[in-house]
Amino acid sequence: MPNMIDVVKDWPARKKAVALSVIVASIALVVLAFSWSQKEEYQVLFANLSEADSGQIALKLKEMKIPYRAEAGGIYVPTSKVYDARLQLASQGLPQGGGIGFEIFDKTSFGTTEFVQKLNYKRALQGELARTIMAMGPVEQCRVHLAIPEKSLFVREGEENRATSSVLVKLRQGRSLTVNQVEGVVHLVASSVEGLDSKDVTVVDTRGNILSRPSGDLVGMSASQFEFQSSFTHDLETRIASILEPVVGKGKVRAKVSAEIDMSRVETTEEKFDPESQVVRSEQKQTEKSSTVGASGVPGVTSNLPGKKAVASNPAQGSSEKQSQTVNYEITKVISRTVNAPGAVKKITAAVLVDGTYVAQQGSKEMKYVPRKEEEIRRYEELVKETIGFTQDRGDQVKVVNMPFDVAREEELPPAKTDYVAMAAPAARYAAPLLAVILLSLFVLRPLAQSLSAAGGGGGAAYRGTISPSAGELAGQMAAAQQKELPVKEQVTEWARKNPQDAANIIKGWIR
C-alpha cells in the first residue's frame, strides 16, 4: 500500500484529477441508485377534484403533515399513507364533490342582493342534488342543471313557464344504470324542486345517450314492461347462441328474437250450476178440511111475530178439503275467480344466422367457404325450437339460415401482451443498486486497482501476466539497472528504446 501511494504521488496532476473524478462519480452513482431504490412511490389519493375540494384537501394534508403532490390528474400521496389519509379526510367530509352545496350560506354578507341570493340558492340546490346522485354506486360524477322560471303576476292563461332540469352522469367503468335507477334519479330531482314535473327531467350520460324515458306509457307499454320484454328476448338470444356455438364454433352464430308479450292483467269470475246434482233443501206441507150438517129457521123478526107461520129452511149440506206441499231443492254451484298476471307470451319469432365452414386451398392463403348441409340446418332449427319453447298453436316462427360471415366478420382481438416491464419494475428498484455496485467494481475499481498494482509492483513480477515471454529479459535488465542505481523512469525508457516490440506488447496488454 505505501508503494501504491508513492506511485499515485508521482502521477501527473491531470491523471490524479481523472482518477479522483472517476471515484467521486462512482460513489455518486452508488448513492443515487440506493436513494432511488429507497424512494417511496406516490399513489392517487383523489382524482377529478374540483378546485374547491383540491384546496381543502391540500390544506388538510398540510395539517396532518402528509407529503403530497398536486397534479392535473389529482392529488398524490405516498403509497403507505393512501388509505389512512382517505379515512381521515372522509371523517371530515372531504371530498365534498358535486360542486358547492348549502354550505355556500355559511358565510353571508348584509350587502348581498336578492338576485345573488337566488343564484346562490340555485347553485346550492344543484350541488346538493349532484352529491345525492353520486351516492349511487354506478355514478362516478354528476352535474345537475336547473331552469327555474321567475314567478310573475302578469302571466297569460296557457303561457305559464314550467321548470325543467337536465342531469349529466358519468358512469364508472363497466357499470350502467337500470331503468328503475334512472326513474329514481328523475323522481328525486322532480321532488326536490318546486313546480318541477318528472316528465321535464332529462338524464343523459357522458356519451350523449338519453337514459330517461317519459313517465307515462310508451306505445302502450310502461318503461318497466319494456325492460321486461327486452330482457326476455335477450335471454332467448343468449340461450340460442350458447346451444349452437359449441357445435358450429365460437362467434359463428347470430340470433335475434322478437316476442309479443301480453302485459294486460285479467281477472275472471265464473259461476257454474250442476243440474244433475240436487238435494232437498226444505219441504213444507199444508192440509185443510171443512164440512156443514143440520137445518135451522130463518132468523130475524118475521119468524117471531104471532100468527105467522114459520118457514123452515133447508138443511145445510157441504164439505171442503185443501192440501198444499212445497219442496225446495239445492243445485250444486261452483264459483271460481282467476287472475292472470301480465307477462303471458303470445308469440315468438326467432331468426338465426349460422356461418359455414372454411377449407384451406392448396397454394393459396385464402380460405374457401363451404356451406352447411340441409340436414345440419334442420337439426339446428329443431334445437332452436326446443330452446325457445316453440308452440305451433300460438303461431311461433323459427328460421335458421346458413350464410357466410366474411363481409361482417369481426376481427379477432390480439391476445393481451404481458407487460414484463411493469412486472419487473418492483424487482428493478432493489436490483439496480446491486447491479450498479457490480458494474462499478468490474469496470472502474478493478481496472484502476490493476493499473495501480502494475505501476507500483516494481520488477518483472508486475508484468508477468501481461507481456510476452521476453519479459524475463526485461526483468533481468531492470535488475541490472537497479544495481547501477539508475532511476526507475530512466530504466524503463532505456529498456523500451532497446526493445520496442516488447514495449508495444506491454502497452497492448494494458489496453486489454
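In this structure Glu386 satisfies the salt bridge (charged side-chain N to carboxylate O under 4.0 Å, His left out) test with no other residue, sequence neighbours excluded. Among residues two or more places apart in sequence or in another chain, the side chain to side chain donor-acceptor pair (under 3.5 Å) test is passed with Asn209 by Asp205. Listed by chain and residue number, Glu260, Asp262 satisfy the side chain to side chain contact (heavy atoms under 4.5 Å, CB included) test with Lys346 (two or more places apart in sequence, or in another chain). For Ser166, the side chain to side chain contact (heavy atoms under 4.5 Å, CB included) partners at least two apart in sequence or on another chain are His145. Glu267 meets the side chain to side chain donor-acceptor pair (under 3.5 Å) test with Arg337; sequence neighbours excluded. Judged as a salt bridge (charged side-chain N to carboxylate O under 4.0 Å, His left out), and not counting sequence neighbours, Glu382 has no contacts. Scored by the side chain to side chain donor-acceptor pair (under 3.5 Å) test, Arg172 finds no partners at all (sequence neighbours excluded). Residues satisfying the salt bridge (charged side-chain N to carboxylate O under 4.0 Å, His left out) criterion with Lys256, sequence neighbours excluded, are absent altogether. Residues meeting the side chain to side chain donor-acceptor pair (under 3.5 Å) test with Ser80, sequence neighbours left out: Glu40. Residues satisfying the side chain to side chain contact (heavy atoms under 4.5 Å, CB included) test with Glu63, not counting sequence neighbours, are Leu59, Lys60. Residues meeting the side chain to side chain contact (heavy atoms under 4.5 Å, CB included) test with Lys62, sequence neighbours left out: Tyr68.
Here the closest heavy-atom approach between residue Leu171 and residue Ser176 is recorded as CD1-CA, 3.9 Å. Of all non-hydrogen atoms in Val185 and Met136, the two that sit nearest each other are CG2-SD, 3.6 Å.
Among the candidates Val186, Thr178, Leu177, Val167, the single residue satisfying the side-chain contact (heavy atoms from CB on, under 4.5 Å) test with Leu211 is Leu177.
The backbone N or O of Val204 lies less than 3.5 Å from no partner atom in the side chain of Arg207, so there is not a single donor-acceptor pair. When atom types are taken as modelled, the side chain of Thr233 and the backbone of Ser230 share a donor-acceptor pair closer than 3.5 angstrom. A donor-acceptor distance shorter than 3.5 angstrom exists from the side chain of Gln126 to the backbone of Leu146, with no hydrogens or angles considered. In terms of modelled atom types and a separation under 3.5 Å, the side chain of Arg372 and the main chain of Asp355 share a donor-acceptor contact. Judged purely by atom type and a 3.5 angstrom limit, Thr357 uses its side chain to pair as donor or acceptor with the backbone of Val370.
Note on residues 396-405: pairs passing side chain to side chain donor-acceptor pair (under 3.5 Å), not counting sequence neighbours, are Tyr369-Asn402, Arg394-Asp396.
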- Message: Set out, in order, the CA-CA distance, both residues' side-chain angles and the distance that settles side chain to side chain contact (heavy atoms under 4.5 Å, CB included) for Leu196 and Ser165, then state yes or no.
- Response: CA-CA 8 Å; Leu196 179 59; Ser165 175; 3.8 Å; yes

- Between Arg239 and Ile388, does a side chain to side chain contact (heavy atoms under 4.5 Å, CB included) hold up when you go through it step by step? CA-CA 8 Å; Arg239 289 184 183 181; Ile388 66 174; over 6 Å; no

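To the nearest 0.5 Å, atoms CG (Leu45) and CD1 (Ile66) are separated by 8.0 Å.
The side-chain heavy atoms of Tyr380 and Val247, taken from C-beta on, include a pair separated by under 4.5 Å.
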